[in-house]
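This report refers to the structure that appears directly beneath it.
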Amino acid sequence: MYALVDVNNFYVSCEKIFNPKLEGKPVIILSNNDGCIISRSDEAKALGLKMAEPAFNKKQYLKENNVQVFSSNYALYGDISNRIIQVLKSFSPRIEIYSIDESFLELSDSEFVDLGKLGNEIKKRIQRYIGVHVSVGIGKTKALAKIANKIAKKEKQYNGVCILNSNRDIDCALRNTSIEDVWGIGRQYQKFLKYNEIFTAHDFLTINDNWIRKNLTVVSLRLKKELQGTSCIPLETILPAKKAIATTRGFGKIVTNVKHLKEAVSTYATRCSEKLRRQNSVANILTVFIHTDPFSNDKYHYLSKTIHLEVSTNSQMELVKFALKGLKKIYRNDLRYKKAGVIVSGLESANNIQKGLFNDTDIKADKLLSEATDYINRKYGRDKIKLAIQGDGKEWKLKQEMLSGKYTTQWSDIIKIKN
DNA sequence: TCTGGGGTCCTAGGACCC
DNA sequence: TCTGGGGTCCTAGGACCC
């Protein structure tokens with residue numbers, strides 16, 4: 001059996017831990033640049049605020065209803081997430097960290113025989129140790145655990161814990177689950193399936209395997225098996241190394257000056273190099289892109305350049321150099337830019353780098369330099385040591401007008417809370 | 001007039017997830 | 001004025017090989 005444990009309204013719940021006055025109030029968290037609504041308290045949901053809704057056209061409504069609004073504070077959410085995972089590990093060593101607020105547990109080795117007791121204990125312990133509410137769904141496969149979790153969250157009488165074990169319960173759950181609520185069925189498939197008169201998870205099980213294989217993909221066929229109770233999406237207990245790493249941001253305001261684009265792009269390349277080193281990878285492909293505002297009336301322009309590197313690297317110097325080279329190729333001085341990004345791919349282990357025959361880059365020196373800057377920046381804060389070209393970000397950095405404190409990760413904010 | 005069979009690798013695009 | 005960011009996987013089609 002698998003359990004899916006998922007934090008209710010995760011980002012909002014994190015803010016509430018350190019700001020108890022938010023309890024009972026409508027609270028929302030905005031995406032980067034304070035753009036869209038990405039987390040809502042129950043009270044905010046009741047006001048009809050929708051997920052992913054742009055916040056700017058709701059400004060008046062938010063004010064009238066006294067909605068508490070926050071910029072997203074990923075340093076805080078990431079730290080709370082890690083603490084929750086530590087608690088979950090006390091229930092089962094077989095754990096898959098599926099996202100920042102969701103984990104799958106395999107329960108075969110659990111000391112609890114009674115699954116209901118287990119679910120309640122998970123909920124209780126996380127509430128007590130961390131201070132957030134979770135929902136627990138338990139089922140024979142990961143897809144069924146997902147469905148159970150959805151029911152636990154939606155139907156009040158379950159009190160946050162739902163177990164799908166007997167055939168009767170599973171059948172009933174599948175009949176009551178709309179096709180769009182099934183894990184792995186997105187917007188397009190939903191439309192297509194409904195057009196073919198498949199409206200519920202139960203309907204989905206009645207269709208022929210070949211039809212699914214032909215009209216959808218093998219992924220959806222796997223999903224069907226999972227819903228039938230045959231586990232075929234394995235638990236991934238080891239976090240697989242990433243195959244691509246991206247750092248992309250919209251700007252706080254429109255950028256026209258190439259100097260500011262250079263600052264942003266070199267900063268994003270720097271972030272990519274840090275992320276590469278963190279997972280001990282090097283990259284041999286780098287893509288840089290810039291684009292104009294897709295929502296403006298002007299013609300939309302997306303410019304990008306992909307560079308294949310002769311020697312794989314995770315060096316800040318190297319990646320910044322190539323990113324700027326790419327930027328130079330695509331930059332046009334007649335456009336108004338809204339966003340830029342750097343993506344590195346072709347990732348491999350940093351332990352065995354294939355050197356170029358005619359390449360004289362001093363890999364060793366680069367490595368020593370990176371280790372030193374990583375150490376200093378970890379200890380004293382991001383970008384304490386940086387390249388001059390990164391600039392100060394004044395002209396392009398994110399808008400984060402309603403950011404809460406780094407209550408658990410920054411000393412000055414920890415002191416604030418203690419007082 | 002007639003023109004095989006069996007592969008691999010790469011890429012772009014489209015679907016999905018949180 | 002103001003609309004997020006970061007990933008994965010699959011498939012079809014084109015190029016190549018013998």
Side-chain angles (χ1 to χ4, degrees), chain A residues 4-7 9-11 28-39 50-62 69-74 77-78 81 96-104 142-143 146 149-150 179-193 212-223 233 236 239-254 268 271-272 275-276 279 281 284-285 287 289 291-297 300 302 304 306 308 336 338-347 397-402:
Chain A
L4 175 63
V5 183
D6 160 298
V7 184
N9 316 334
F10 181 54
Y11 297 168
I28 60 172
I29 312 296
L30 303 181
S31 63
N32 268 333
N33 243 350
D34 296 340
C36 299
I37 300 173
I38 53 169
S39 182
K50 294 276 179 289
M51 184 69 177
E53 189 172 16
F56 72 91
N57 55 22
K58 284 273 167 184
K59 231 171 183 172
Q60 189 60 28
Y61 184 75
L62 294 174
V69 182
F70 293 89
S71 303
S72 32
N73 183 346
Y74 291 107
Y77 312 150
S81 174
E96 170 181 341
I97 301 156
Y98 181 63
S99 78
I100 195 165
D101 75 323
E102 278 179 58
S103 288
F104 286 103
K142 283 162 71 174
K146 268 274 191 186
N149 182 279
K150 234 177 195 146
I179 193 67
E180 68 264 29
D181 288 338
V182 175
W183 188 37
I185 303 294
R187 270 225 290 278
Q188 300 303 316
Y189 284 2
Q190 176 203 154
K191 234 193 319 188
F192 177 71
L193 289 170
I212 296 181
R213 186 69 186 76
K214 191 164 152 261
N215 292 287
L216 304 174
T217 68
V218 68
V219 181
S220 308
L221 187 56
R222 237 174 263 149
L223 173 65
I233 306 175
E236 290 188 30
L239 207 60
K242 287 193 172 62
K243 296 176 177 176
I245 286 173
T247 305
T248 71
R249 294 278 178 284
F251 302 131
K253 51 187 175 191
I254 292 290
Y268 302 159
R271 292 291 165 266
C272 286
K275 292 176 186 174
L276 281 169
Q279 71 162 27
S281 291
N284 60 32
I285 299 171
T287 302
F289 71 80
H291 68 72
T292 58
D293 186 353
F295 299 103
S296 104
N297 291 326
Y300 175 61
Y302 177 96
S304 82
T306 297
H308 292 257
R336 296 160 53 75
K338 179 62 190 166
K339 183 173 173 174
V342 173
I343 303 163
V344 289
S345 54
L347 269 46
K397 271 204 173 144
L398 293 177
K399 216 164 58 176
Q400 288 186 309
E401 285 171 349
M402 296 147 289

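Only a predicted model underlies this, so the values are computations on that prediction, with no experimental measurement involved. The figures that follow rest on heavy atoms only: side chains count, while hydrogens, waters and symmetry mates do not.
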Look at all strands and tell whether A:I245 reaches a base, only sugar-phosphate, or nothing, counting heavy atoms closer than 4.0 Å. sugar-phosphate

Assign A:D34 to base, sugar-phosphate, or nothing according to its heavy-atom contacts below 4.0 angstrom with the strands shown. nothing

If you check every side-chain atom of A:R187, which of B:dC18, B:dC16, C:dT3 has the closest atom? B:dC16

A:S72 near the nucleic acid: base, sugar-phosphate alone, or nothing, with a heavy-atom cut-off under 4.0 Å? nothing

Comparing nearest nucleotides in DNA chain C, the 5'-proximal residue of the pair A:G252, A:V219 is A:G252

Please give, in whole Å, the distance from C:dG4 C1' to A:I28 CD1? 14 Å

Any side-chain donor-acceptor pair under 3.5 Å between A:S99 and A:D101? yes

Can you tell me which nucleotide in C:dG5, C:dG7, B:dA15 comes closest to the side chain of A:A246? C:dG7

Regarding A:K338, tell me which of base, sugar-phosphate or nothing describes its non-hydrogen contacts under 4.0 Å with the strands shown. sugar-phosphate

Per nearest nucleotide of DNA chain C, the residue lying toward the 5' end, A:E236 or A:K339, is A:K339

NA contact type, A:I185, heavy-atom cut-off 4.0 Å: base, sugar-phosphate, or nothing? sugar-phosphate

Nearest-angstrom distance, C1' atom, B:dG4 to C:dC17: 15 Å

Please work out if A:K146 contacts a base, only the sugar-phosphate, or nothing of the nucleic acid, heavy-atom cut-off 4.0 Å. sugar-phosphate

Which nucleotide in the set C:dG5, C:dC2, C:dG6 lies at the smallest distance from any side-chain heavy atom of A:F56? C:dC2

Nearest to the A:R213 side chain among C:dT11, C:dG4, C:dG6, which nucleotide is it? C:dT11

Remember a base hit wins even if backbone is also touched, and classify A:A55 as base, sugar-phosphate or nothing at under 4.0 Å, heavy atoms. nothing

Short side-chain to backbone donor-acceptor contact, A:E401 and A:D34, under 3.5 Å: no

Spacing between A:K214 atom NZ and C:dA12 atom P, to the nearest angstrom: 11 Å

Heavy-atom closest pair, residues A:A143 and A:L223: CB-CD1, 4.0 Å

Distance below 4.0 Å between A:K399 side-chain N/O and C:dG4 OP1 or OP2: no

Protein-nucleotide distance (A:Y98, atom OH; B:dC18, atom P), rounded to Å: 5 Å

Check the distance between C:dT8's P and A:I343's CD1 and give it to me in whole angstrom. 11 Å

Spacing between A:K150 atom NZ and B:dC18 atom C1', to the nearest angstrom: 11 Å

Take A:S39 and A:F70 through the test side chain to side chain contact (heavy atoms under 4.5 Å, CB included) and record every step on the way to the result. CA-CA 10 Å; A:S39 182; A:F70 293 89; over 6 Å; no

Scan A:R222 against the nucleic acid and name what it touches under 4.0 Å (heavy atoms): base, sugar-phosphate only, or nothing. sugar-phosphate

By nearest atom, which of the nucleotides B:dC17, C:dT11, C:dG6 is closest to the A:K275 side chain? C:dG6

If every non-hydrogen atom of A:Y77 is compared with every non-hydrogen atom of A:F10, which pair is closest and at what distance? O-CZ, 3.5 Å

From CZ of A:R249 over to C1' of C:dG4, roughly how many Å is that when rounded to an integer? 9 Å

A:E236 with A:K142: basic N within carboxylate O range, under 4.0 Å: no

Check the distance between C:dG7's C1' and A:I100's CD1 and give it to me in whole angstrom. 14 Å

The nucleotide from B:dC17, C:dT11, C:dT3 with an atom nearest the side chain of A:T217 is C:dT11

Would you find more than 12 non-hydrogen atoms of other residues, nucleotides or ligands less than 6.0 Å from A:K275 atom NZ? yes

Rounded to whole angstrom units, what separation is found between the CG atom of A:D293 and the C1' atom of C:dT1? 11 Å

At 4.0 Å (heavy atoms only), tell me whether A:N33 reaches a base, stays on the sugar-phosphate, or touches nothing. nothing

Determine the contact category for A:E102: base if any of its heavy atoms lies under 4.0 Å from a base atom, sugar-phosphate if only primed atoms, P, OP1 or OP2 are that close, otherwise nothing. sugar-phosphate

Touch class at under 4.0 angstrom, heavy-atom based, for A:K242 against every strand present: sugar-phosphate

Give the nucleotide from the list C:dT8, C:dG4, C:dG6 with an atom nearest to the side chain of A:T247. C:dG6

Counting side-chain heavy atoms from C-beta on, which of B:dT11, C:dC9, C:dG5 comes nearest to A:T248? C:dG5

Ignoring the backbone of A:Q188, work out which of C:dG4, B:dA15, C:dG6 is nearest its side chain. B:dA15

